[in-house]
Asks: 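The structure is given below, and queries will be raised subsequently.
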Amino acid sequence: MARHLITSALPYINGIKHLGNMVGSMLPADVYSRYLRQRGHDVLYICATDEHGTPAELAAKEAGLSVAEFCAQAHDAQKAVYDGFALAFDYFGRSSSEQNVEITQHFARRLNENGFIEERAIRQVYSPTDGRFLPDRYVEGTCPHCGYDKARGDQCENCTRVLDPTDLINPRSAISGSTDLEVRETKHLFLLQSKLQHEVEEWVSRHEAEWPQLASSIARKWLTEGLHDRAITRDLDWGVPVPADTWPELAAEGKVFYVWFDAPIEYIGATKEWSDLDPENRDWKSWWYEADDAVRYTEFMAKDNVPFHTVMFPATELGVREPWKKVDYVKAFNWLTYYGGKFSTSQKRGVFTDQALEILPADYWRYFLIANAPESDDSSFTWEHFTATVNKDLADTLGNFVNRVLSFSRKRFGDDVPEGGTPGEAEAKLGEEIARLLGEYETQMEALQFRKAAAALRALWSAGNSYLEEKAPWLEIKTDKDGAALTLRTAMNLIHLYSVVSEPFIPATSAAMRQAFSLADDTATWVSQEEAKALTSVPAGTPFTVPPVLFAKLTDEDLETYKERFGGTAE
């Protein structure tokens, strides 16, 4: 089986993330990782908190903590939420790790040796009030392109255009709010992306046909506009230090690398963090170095991260002139909106992941988000849509099926899977349909088409309900007890099948369904299409229990409570 390396965009350290962050990177990566593991592949899913840059310093200052203390606490808080969502990372690291410092500095030295880094004197914003040069994110103002009045000096959150602090209209210090700003000369390191343009274009051209249009179009847009040399150092107290053995003057001034230079390298750094925990059994380099033919690398991210992963980081990897693994497939997502407006961490608009888990268990959110993933275009979260999806798909289609099959069988046949009856035309027809839908589900999962995969999974659940309605065991038992036993046994085999194949989407619920049956050797990780046709994995006589209600239906009162707490509009 193939080896699959999977990474999701690193969640930034300053605060708990909202549902848009979850569905745009980590959750689909988890769903895909779980699926691949179930199919027998060797999978390594790596993520980490992105801890450098100005927002970390600002958030730490606001919290009254050192940046190191703030990041340590925030990392643990984020990890707790991701555990709550059942994200099965192989390792969740930190970009402030020693391993990332070591590898980032190595990349910088190699780029310098190969002529792709240059020291330049530039004019930079200086705040006399704050007594320091202001890195790009420490400068806020109005975007010259779209007029957004809270744009940062590196990128506009509203229109996603990359900016320079001097581009902003009415700039101000993000530290003090002072508008008394000057432009002074200082020195920084620049990555000479312009010298790598042709190589990046060739690399993208070899991969873009396979990527989603969203990813390839963004990469091509940046390349068409031309790659510009990019400053990769900043004036900060927190970050990967510029190595003194190579740039002693800049190191003495306390320069650190730009967060967008070291953050993608943390995918490699976090893998080494993972490996260093058990070096005798884990080889981080086998996943990243000279691994082109041995590893399939898939990245998950929202569209604002695409340029850095399809252009800037590949340019960095190409420039080091070493055989580091580069991404094979970029799964890019559009925005999940909140009633048509943007989720916003800074403006506290929308539902945040910790709040979501306070309201309902993770599987409610996992299913809804993936079933409505913003793949081909933006999708909107509304409480009305969420409530309707939970009630129809989870509570009625799946949950009610499981409950009524097991409850009715226990009531009429006791605590064991009932014996009797010989499969006939209805069961053969059902088996063919289940095998067909399972094949569709597998096809869409392997194509990373999550909404279509969710539709196929939903159709699998619906097929069970259709069979149950057709056979009507509550009527059948009055005239043909063996026939009713067959119907219920077949339905129980469907429940077991659902417990296996639904696991990537709803792992806790899948475990509850599977644990309902006391099977001695229930070690299957997947169900083949032939097994799906037969529907015989749970034989007669198997003890079973009726699990608690899998999904509670949401009421009109619930809907009003949610809207009152979070708002029922974008603003």
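Note that this is a predicted model, so its numbers are computed, not measured.
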Asks: With a 4.0 Å cut-off on N to O distance, would you call Asp42 and Arg3 a salt bridge?
Replies: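 Yes, Asp42 and Arg3 are salt-bridged.
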Asks: Taking atom CD as the centre, does Gln213 end up with more than 12 heavy-atom neighbours from other residues, nucleotides or ligands that are less than 6.0 angstrom away?
Replies: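 12 or below, so no.
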Asks: How close do Ala491 and Leu468 get, heavy atom to heavy atom, and via which atoms?
Replies: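 Result for this residue pair: CB-CD1, 4.3 Å.
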Asks: Looking at Trp287, is Lys325 sitting on its ring face, NZ or CZ under 6.0 Å from the six-membered ring centre and within 45 degrees of the normal?
Replies: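 Here Lys325 fails the 6.0 Å and 45° test against Trp287.
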Asks: Under a 3.5 Å threshold, yes or no: a donor from one side chain and an acceptor from the other, between Asn281 and Asp278?
Replies: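 Asp278 and Asn281 do have a side-chain donor-acceptor pair below 3.5 Å.
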Asks: With rounding to the nearest 0.5 angstrom, report the CG to OG1 distance, Leu550 to Thr509.
Replies: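 Taking CG in Leu550 and OG1 in Thr509, the distance rounds to 6.0 Å.
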Asks: Test side-chain contact (heavy atoms from CB on, under 4.5 Å) on Asp378 and Leu336; report intermediate values, then the result.
Replies: CA-CA 6 Å; Asp378 291 350; Leu336 176 71; over 6 Å; no
Asks: Determine, for Glu375 against Arg451, whether the closest basic-nitrogen to carboxylate-oxygen distance falls under 4.0 angstrom.
Replies: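 Arg451 and Glu375: not salt-bridged.
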Asks: Please report the C-alpha distance between Val501 and Leu460 in whole Å, then the side-chain angles of each, then the deciding distance to 0.1 Å, and finally whether the side-chain contact (heavy atoms from CB on, under 4.5 Å) criterion is met.
Replies: CA-CA 10 Å; Val501 303; Leu460 277 167; 4.3 Å; yes
Asks: Taking all atoms of both residues into account, what is the closest heavy-atom pair of Gln355 and Gly350, and its distance?
Replies: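 Between these two residues, the closest heavy atoms are OE1-O, 4.0 Å.
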Asks: Taking Lys471 for its side chain and Leu486 for its backbone only, find out whether a donor-acceptor pair lies under 3.5 Å.
Replies: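 Checking the backbone N and O of Leu486 against the side chain of Lys471, no donor-acceptor pair under 3.5 Å is found.
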Asks: Would you say that more than 12 heavy atoms from the other residues, nucleotides or ligands in this model lie under 6.0 Å from the NZ of Lys452, or not?
Replies: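 Atom NZ in Lys452 is not packed in, count stays at 12 or less.
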Asks: What are the two closest non-hydrogen atoms of His41 and Ala2, and how far apart are they?
Replies: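 Taking His41 first and Ala2 second, the nearest heavy atoms are ND1-N, 3.4 Å.
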Asks: What about the rings of Tyr35 and Trp526, do their centers lie closer together than 6.0 Å?
Replies: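 They qualify: ring centres under 6.0 Å apart.
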Asks: Is it the case that more than 12 heavy atoms not belonging to Glu210 sit under 6.0 Å from its CD atom?
Replies: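 Atom CD in Glu210 is crowded, with more than 12 foreign heavy atoms closer than 6.0 Å.
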Asks: Report the C-alpha separation of Phe408 and Phe413 in whole Å, then their side-chain angles, then the decisive distance to 0.1 Å, and conclude whether the ring-ring contact (aromatic ring centres under 6.0 Å, His included) test is met.
Replies: CA-CA 8 Å; Phe408 183 73; Phe413 290 98; 7.6 Å; no
Asks: If you round to the nearest 0.5 Å, how far is CZ of Arg489 from CG of Asp416?
Replies: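 If we round to the nearest 0.5 Å, Asp416:CG and Arg489:CZ are 12.5 Å apart.
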Asks: If you round to the nearest 0.5 Å, how far is CE of Met513 from CZ of Phe401?
Replies: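 Atom-to-atom, Phe401:CZ and Met513:CE are 10.0 Å apart.
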Asks: Any side-chain donor-acceptor pair under 3.5 Å between His18 and Asn21?
Replies: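 Yes, a side-chain donor-acceptor pair sits under 3.5 Å.
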Asks: Measuring centre to centre across the rings, with the benzene-like ring taken for any Trp, is Tyr267 within less than 6.0 Å of His309?
Replies: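 Yes: the rings meet the under 6.0 Å criterion.
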Asks: Is there side-chain contact between Phe505 and Arg34, with heavy atoms separated by less than 4.5 Å?
Replies: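 A side-chain contact under 4.5 Å is absent here.
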Asks: Just verifying a value: how many Å separate Ser96 OG and Glu51 CD, rounded to the nearest 0.5 Å?
Replies: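 One finds 3.5 Å between OG of Ser96 and CD of Glu51.
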Asks: Verify, without hydrogens or angle tests, whether Arg366 (side chain) and Phe85 (backbone) share a donor-acceptor contact under 3.5 angstrom.
Replies: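 The answer is yes, because a donor-acceptor pair under 3.5 Å joins these two groups.
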Asks: Return the minimal non-hydrogen interatomic distance between Val417 and Met492, and the atom names on each side.
Replies: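 Smallest heavy-atom distance, with atoms named: CG2-SD, 3.6 Å.
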Asks: Are Ser379 and Asn372 close enough that a side-chain donor and a side-chain acceptor fall under 3.5 Å?
Replies: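 Looking only at side-chain atoms, Asn372 and Ser379 do not form any donor-acceptor pair under 3.5 Å.
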Asks: Looking at every non-hydrogen atom in both residues, tell me the closest pair between Leu19 and Ala356 and how far apart they are.
Replies: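 Answer, listing the atom of Leu19 first, then Ala356: CD2-CB, 4.1 Å.
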Asks: Would Phe92 and Tyr82 count as a close aromatic pair, with their ring centres under 6.0 Å?
Replies: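 Yes, close enough.
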Asks: Do Glu476 and Thr487 have a side chain donor and acceptor closer than 3.5 Å?
Replies: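 Indeed, the side chains of Glu476 and Thr487 share at least one donor-acceptor pair under 3.5 Å.
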Asks: Under 4.5 Å between any side-chain heavy atoms of Val31 and Met26, yes or no?
Replies: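 Result no, sub-4.5 Å side-chain heavy-atom pair not found.
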Asks: Compute whether any side-chain donor of one residue and acceptor of the other, for Glu433 and Tyr467, lie under 3.5 angstrom apart.
Replies: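 No donor-acceptor contact under 3.5 Å links the two side chains.
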Asks: Looking at Ser407 and Asn403, would you say the former's side chain and the latter's main chain have a donor-acceptor pair under 3.5 Å?
Replies: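 Such a contact is found between Ser407 side chain and Asn403 backbone.
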Asks: Could you tell me if Gln99 and Trp284 have a donor-acceptor pair between their side chains, going purely by distance under 3.5 Å?
Replies: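 No, Gln99 and Trp284 have no side-chain donor paired with an acceptor closer than 3.5 Å.
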Asks: Does this structure show an ion pair linking Arg37 with Asp90, if we count only N-O contacts that are shorter than 4.0 Å?
Replies: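 Yes, this pair counts.
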Asks: What are the two closest non-hydrogen atoms of Thr310 and Val330, and how far apart are they?
Replies: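 Here Thr310 and Val330 meet closest at CG2-CG2, 3.9 Å.
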Asks: Less than 4.0 angstrom from a charged side-chain N to a carboxylate O is my criterion; do Glu446 and Arg39 meet it?
Replies: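 Salt bridge flag = yes for Arg39 with Glu446.
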Asks: Would you call Glu432 and Lys429 a salt bridge, taking side-chain N to carboxylate O under 4.0 Å as the test?
Replies: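 Salt bridge between Glu432 and Lys429, a charged N being under 4.0 Å from a carboxylate O: no.
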Asks: How about Tyr339 and Trp383: are their ring centroids closer than 6.0 Å?
Replies: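 Centroid distance Tyr339-Trp383: not below 6.0 Å, so no.
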Asks: Does Arg94 offer a backbone N or O that forms a donor-acceptor pair with the side chain of Ser97 under 3.5 Å?
Replies: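 Indeed, once roles are kept as given, a pair shorter than 3.5 Å links the two residues.
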Asks: Looking only at the side chains, is there a donor atom on one of Tyr45 and Thr7 sitting less than 3.5 Å from an acceptor on the other?
Replies: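 Checked: Tyr45/Thr7 side chains show no N/O donor-acceptor pair below 3.5 Å.
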Asks: Using distance alone, with no hydrogens and no angle criterion, decide if Ser528 and Glu530 have a side-chain donor and acceptor under 3.5 Å apart.
Replies: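 No, Glu530 and Ser528 have no side-chain donor paired with an acceptor closer than 3.5 Å.
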Asks: Does atom NZ (Lys563) have a neighbourhood of more than 12 heavy atoms from anything else shown, all under 6.0 Å?
Replies: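 Yes - once you tally the heavy atoms of other residues, nucleotides and ligands closer than 6.0 Å, there are more than 12.
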Asks: Can you spot which of Phe551, Trp461, Phe386, Phe450 makes a ring-ring contact (aromatic ring centres under 6.0 Å, His included) with Tyr367?
Replies: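 Single pass found, and it is Trp461.
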Asks: What I want to check is whether the side chains of Glu273 and Tyr91 have a donor and an acceptor closer together than 3.5 Å.
Replies: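 Yes, Tyr91 and Glu273 have a side-chain donor paired with an acceptor closer than 3.5 Å.
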Asks: Aromatic ring centroids of Tyr297 and His4 under 6.0 Å?
Replies: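 They do not qualify: ring centres at least 6.0 Å apart.
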Asks: Kindly compute the distance separating OG (Ser502) from CG (Leu497), expressed to the nearest 0.5 Å.
Replies: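 Those atoms lie 8.0 Å apart.
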Asks: Give the C-alpha distance, both sets of side-chain angles, the deciding distance and a yes or no for ring-ring contact (aromatic ring centres under 6.0 Å, His included) between Phe368 and His385.
Replies: CA-CA 9 Å; Phe368 174 83; His385 187 200; 5.2 Å; yes
Asks: Between Gln444 and Glu440, does any side-chain donor sit less than 3.5 Å from a side-chain acceptor?
Replies: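 Side-chain D/A pair, Gln444 to Glu440: present.
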Asks: Any pair with a residue in residues 538-560 that passes salt bridge (Lys or Arg N to Asp or Glu O under 4.0 Å), sequence neighbours left out, goes on the list, sorted by first then second residue, please.
Replies: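 Those involving residues 538-560 are Asp396-Lys553.
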Asks: Do Lys331 side-chain atoms and Tyr329 backbone N/O form a donor-acceptor pair below 3.5 Å?
Replies: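 Absent.
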Asks: Among side-chain atoms of Ser95 and Glu266, is any donor-acceptor pair under 3.5 angstrom?
Replies: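 Per modelled atom types, Ser95 and Glu266 side chains form no pair under 3.5 Å.
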